[in-house]
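Presented below is the structure to which this report refers.
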Amino acid sequence: MIYRLLADGVVCLHLIFVTFVLFGGMLVPRWPVVRWLHLPSVVWGMFVELAGVICPLTYLENDLRRMGREAGYATSFVEHWVLPLIYPDYWFSGGFPTWGFTVLGVVVLVFNGMIYLWVWRRYRNY
């Protein structure tokens, strides 16, 4: 049971990180110091998507799930609702297409590029 809870915690942490990578730039106008954490996170997120590598959090979650095969519910709330938000393979019965990860990486780049361009223009005018 403890391993399932730990694995669910890792999934929640993973979801928070993915959300921060995509939307964290919106915190920069309010708290400019956030950019020092956000920019490396964006670089990592783009690297993972564009290079096709697997995030270490995924390995940690999988290891915890393997260690925790014990009696209980077939799936947890997190497995049912949160995993499909992080792992697109859950959406597609045939698997997520390889080119889809490139699209996700480009979306992260373009979306955050627009935010940082807006921030840069805003502060340049002061």
Side-chain angles (χ1 to χ4, degrees):
M1 181 67 171
I2 188 69
Y3 290 113
R4 170 172 263 174
L5 291 173
L6 289 171
D8 287 351
V10 170
V11 171
C12 290
L13 176 66
H14 207 165
L15 179 62
I16 290 167
F17 181 77
V18 168
T19 303
F20 179 69
V21 166
L22 190 54
F23 300 110
M26 294 172 22
L27 300 172
V28 173
R30 175 90 169 142
W31 299 288
V33 73
V34 169
R35 74 180 174 269
W36 300 114
L37 182 59
H38 184 249
L39 287 172
S41 299
V42 168
V43 169
W44 173 255
M46 286 176 33
F47 171 72
V48 166
E49 294 301 331
L50 296 176
V53 299
I54 297 175
C55 180
L57 289 174
T58 302
Y59 288 121
L60 176 60
E61 178 210 342
N62 289 336
D63 288 344
L64 289 168
R65 292 212 186 277
R66 273 193 294 277
M67 290 187 288
R69 288 299 167 208
E70 52 194 18
Y73 297 111
T75 61
S76 68
F77 173 84
V78 171
E79 288 174 286
H80 185 73
W81 295 103
V82 179
L83 284 178
L85 296 174
I86 298 174
Y87 304 116
D89 283 342
Y90 279 79
W91 297 345
F92 300 93
S93 59
F96 193 61
T98 306
W99 57 265
F101 292 105
T102 302
V103 170
L104 291 174
V106 170
V107 166
V108 168
L109 175 64
V110 169
F111 185 72
N112 282 288
M114 291 181 343
I115 292 171
Y116 279 98
L117 180 63
W118 177 77
V119 168
W120 178 73
R121 285 184 175 173
R122 181 176 168 202
Y123 286 107
R124 187 185 66 168
N125 291 333
Y126 285 112

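- When all heavy atoms are compared, the tightest approach of Gly25 to Pro29 is O-CD, 3.4 Å.
- When the ring-ring contact (aromatic ring centres under 6.0 Å, His included) test is applied to Tyr116, the partners found at least two apart in sequence or on another chain are His38.
- Residues Val21 and Trp44 fail the side-chain proximity criterion, which asks for heavy atoms closer than 4.5 Å.
- Grouping the Ile, Leu, Val, Met, Phe, Trp and Tyr side chains by contacts below 4.5 angstrom, directly or via other members, places Met67 with Leu6.
- One hydrophobic cluster, built from ILVMFWY side chains closer than 4.5 Å, cannot hold both Val107 and Met114; they sit in different ones.
- Both Ile2 and Val10 belong to a common hydrophobic cluster when Ile, Leu, Val, Met, Phe, Trp and Tyr are linked at side-chain heavy-atom distances under 4.5 angstrom.
- Under the 4.5 Å side-chain heavy-atom criterion for grouping Ile, Leu, Val, Met, Phe, Trp and Tyr, Val106 is not connected to Phe111 through any hydrophobic cluster.
- Pairs passing the side-chain hydrogen bond (donor to acceptor under 3.5 Å, both in side chains) check and including a residue from residues 18-34, sequence neighbours excluded, do not occur.
- In this structure, CG on Leu104 lies 12.5 Å from CE on Met46, to the nearest 0.5 angstrom.
- Among all heavy-atom pairs drawn from Tyr3 and Leu64, the shortest one is CB-O, 3.3 Å.
- Clustering ILVMFWY residues whenever any of their side-chain heavy atoms sit less than 4.5 angstrom apart, transitively, puts Phe23 in the very cluster that holds Val108.
- Taking both residues in full, the closest heavy atoms of Val53 and Phe47 are given as CG2-CE2, 3.6 Å, listed atom of the first, atom of the second, then distance.
- Counting only heavy atoms from C-beta outward, the side chains of Arg65 and Val11 approach each other to under 4.5 Å.
- If you take CD on Glu49 and CG on Leu109, they are separated by 12.5 Å, rounding to the nearest 0.5 Å.
- Between the side chain of Arg121 and the backbone N or O of Trp118 there is no donor-acceptor pair closer than 3.5 Å.
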Would Ile115 and Val28 count as a side-chain contact (heavy atoms from CB on, under 4.5 Å) if you check the C-alpha gap in whole Å, the side-chain angles of each, and the deciding distance to 0.1 Å?
CA-CA 9 Å; Ile115 292 171; Val28 173; 5.7 Å; no
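- Atom OG1 of residue Thr58 and atom CG of residue Asp63 lie 11.0 Å apart, to the nearest 0.5 angstrom.
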